[in-house]
Amino acid sequence: MAIPNKGALSAPSRKLLAALGITLNGSDRAYFTNSEDSEIKVLFARARDIPNYVSSGLADVGITGKDIITEKESDCELILDLPFGGCTLVYAAPEQNGKKINRVATSFPNIARKYLISKGIDAELVILDGAVEASVNAGIADAVIDLTATGKTLRENGLIIKEEILETSAILIANKGLVVTKGFQVAELVSKIQNDWKFEVRKLEELSDTELKRFFFRGKERSPEIKQTVRQVFENVLKRKDEAVAEYQLRYDKVELKPSESEVSREEIMAAYAKVPQKLIDSLKLMKRNIEEFSKRELPQRWEMKVDGGSMGKEIRPLERVGVYAPGGTAAYPSSVLMGIVPAKVAGVGEVILCSPCNSLKECNPAILVAADIAGADRVFRLGGAQAIAAMGFGTYKVPRVNKIVGPGNAYVAAAKLEAQSYGIAIDSPAGPSEVMIIADETANPRFIAADLLAQAEHDANACPILVSTSEVIIKNTIEEIKKQAIMLPRKQIVKKAFENNGALLLARNIQQAIDFANKYAPEHLELVIERPFAWMKSVTTAGAIFIGNYSCEAAGDYGAGPNHILPTGGFARSYSGLSAKDFVREMNFLKLEQKGLENISDAIVAVAEAEGLEAHANSVRRRLEGEI
């Protein structure tokens, strides 16, 4: 196999081989290298030369760009589009009217020549190996034909895209003779890359009652073993407090932690900044600002209304103390730390504490600590699992008792939050596997749809990625995109399991049928990639959050556009809302009546109280109006 030794295709090609379990030995400066765990021998070459190596038989297969294949008119078998190296070959020029184009700079003379002839442009080609976009400013060309991913470099050089000529990406190619002599090996390689995906497209109206129940009543199975374990943890922590928490930390998290060591010091938190990339720190700060702005608009306001003889209204008070849980280790989510803490701080909560598990060295994930500090956590504890939820719910000598517990976690944490609820401790909402439902018509982009389905599926094997479309073409193209994009994912085995366990590709007669299905399903995330989305959104009654249009990816909601990503799953969007600043305040009704105000409603109060057999209630009104006896 020939792969690029440098350039934009080099690193992704190596990543692809790594995903296939092929470890490369040696440097890319070497001509050939072997792999200890594969029969594939790798040849490093310039991407432009790889079609020549393959067509001549020096390499059996290779990775190059479609643009190179088109330019060289190579006699190779095109085997498989790969999900990297995407860009567009464009014709670009300064925004000037009427100026004749005499010279066009390019690295693709064959493609450029054919394009200029087809457009009737009589211009000389200036052939360059690189920095084509700078040629106009350098005075050696009037326009360019060049590759671009975003157009940014062209714009920075004063050029605007006049026309797109060719969309390109990486492609796997093979020697034509090899396809005949070693066709099985080529097919085996393609199968390994595509991971043997199998998809079934179903029509909504053909789903059986059993299948519909699987969709609508998902995630309701609670493991009796998990429930019993969690119940025992709660009973023990209630009785023995920090001593019990320490025992469970050792048993489940394999860390020997004294109660006096449970809280993370300020020095440890500040030291975590040095272990986190500056780009992540800046991104978390941006997320915080966006979440703050959105949360401020969510807060309920005090109000009062005057009535004849009095007034009434609502007073708003923040909760005194809130606990946020954050998973640690490999499943660390600093974004969820911000989503739990920031709205609580906006609401004015007196104290926000964070619990997150540590490793055997008693170290918490540094990204979690940095996120907690940026978000404004008042105290952080290196505690995880059901024991952390119990500690926050009951309070121990070291961990303060909270009024409410929010945040994601594994099955034990989810069960522990439900157990806490049975003790009168408020939680955000019952949690389960993550889910997305995308409703798409023919205006949707299959590449974007596939990306969002894969993003949801990579959470865990029980995630629910679902597409409901009115277009068979969109579904078909989305399937191809899923196969292609999944190739490079490090968690592709988890992704595949998620599609097998809970994924679905469903064909709807029309948008109304799709939305009716979504309302019964009540997804955590609902994407409307359809015409007239705001008109159709009025028909949506049950969803954790709604994402509208091709560019409103669910990841934008996950990573700080502003709305909260702690959302109800498992159909609980029928009765729960996503976490918000108003979940961290209490609303208290108040009533102030003068004698006249009570007189105005006294007859009604007495009549209803007597009908309910509550004579003392009726008397409490009579005594006030009769005067002292």
Side-chain angles (χ1 to χ4, degrees), residues 213-222 291 294-295 298 319 322-327 333 335-344 347 389 404-422 425-439 452 455-457 459-460 462-466 468 498 502 504 515-528 537 539-548 552 554-559 561-585:
K213 285 179 181 178
R214 182 177 70 85
F215 282 119
F216 300 152
F217 300 99
R218 67 201 179 279
K220 300 299 185 289
E221 308 84 6
R222 303 286 178 184
I291 298 167
F294 192 88
S295 297
E298 296 175 321
L319 299 180
V322 165
V324 178
Y325 186 83
Y333 301 122
S335 59
S336 292
V337 173
L338 270 69
M339 294 290 178
I341 296 174
V342 173
I389 303 300
K404 189 167 193 169
I405 300 172
V406 304
N410 62 17
Y412 286 90
V413 170
K417 287 166 67 179
L418 290 175
E419 186 71 13
Q421 198 173 36
S422 72
I425 302 150
I427 65 171
D428 39 12
S429 63
S434 193
E435 51 197 43
V436 66
M437 179 178 290
I438 302 176
I439 296 179
D452 285 3
Q456 207 60 222
H459 276 289
D460 64 66
N462 293 313
C464 306
I466 296 176
V468 185
N502 295 309
I515 287 181
D516 289 345
F517 179 77
N519 284 334
K520 293 176 182 177
Y521 186 93
E524 177 189 15
H525 307 99
L526 176 65
E527 295 188 19
L528 298 180
M537 186 169 64
S539 300
V540 176
T541 57
T542 55
I546 303 172
F547 300 81
I548 297 168
S552 302
E554 184 262 313
D558 276 352
Y559 296 118
N564 206 292
H565 78 207
I566 299 177
L567 303 168
T569 63
F572 282 103
R574 299 183 190 99
S575 50
Y576 285 82
S577 301
L579 190 68
S580 71
K582 62 178 178 287
D583 290 309
F584 298 103
V585 300

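All residue numbers in this chain count up from 1 along the given sequence. This one's a predicted model, so the numbers in the text were calculated from it and none came from an experiment.
Remark: Ser575 engages no residue in a side-chain hydrogen bond (donor to acceptor under 3.5 Å, both in side chains) (not counting sequence neighbours). Legend: residues meeting ring pair (Phe, Tyr, Trp, His ring centres under 6.0 Å) with Tyr559, ordered by chain and number and at least two apart, are absent. The side chain to side chain contact (heavy atoms under 4.5 Å, CB included) test applied to Asp583 returns Lys404, Leu579, Ser580, not counting sequence neighbours. By the ring pair (Phe, Tyr, Trp, His ring centres under 6.0 Å) test, Phe294 pairs with no residue at all, sequence neighbours left out. With sequence neighbours left out, Asn410 forms a side chain to side chain contact (heavy atoms under 4.5 Å, CB included) with Tyr412, Val413. Listed by chain and residue number, Glu524, His525, Ala545 satisfy the side chain to side chain contact (heavy atoms under 4.5 Å, CB included) test with Leu567 (two or more places apart in sequence, or in another chain).
Contact record, Tyr521 with Cys464: OH-CB, 3.5 Å, taken as the closest heavy-atom pair. Between Ser539 and Ile515, the shortest heavy-atom contact is O-CG2, 3.8 Å. Among all heavy-atom pairs drawn from Arg218 and Ala522, the shortest one is NH2-O, 3.1 Å. The shortest heavy-atom contact between Gly407 and Asp428 is N-OD2, 2.9 Å. Contact record, Pro327 with Gly409: CG-CA, 4.2 Å, taken as the closest heavy-atom pair. Of all heavy-atom pairs between His565 and Ser335, the closest is CE1-OG, 3.2 Å.
Glu298 places a side-chain N or O within 3.5 Å of a backbone atom of Ala581 that can act as its donor or acceptor partner. The main-chain N or O of Lys520 is found under 3.5 Å from a side-chain atom of Arg574 such that the two form a donor-acceptor pair. No donor-acceptor pair under 3.5 Å is formed between the side chain of Asn462 and the backbone N or O of Asn502. Judged by distance alone, with hydrogens and angles left aside, the side-chain atoms of Thr569 form no donor-acceptor pair with the main-chain N or O of Ala431 at under 3.5 Å.
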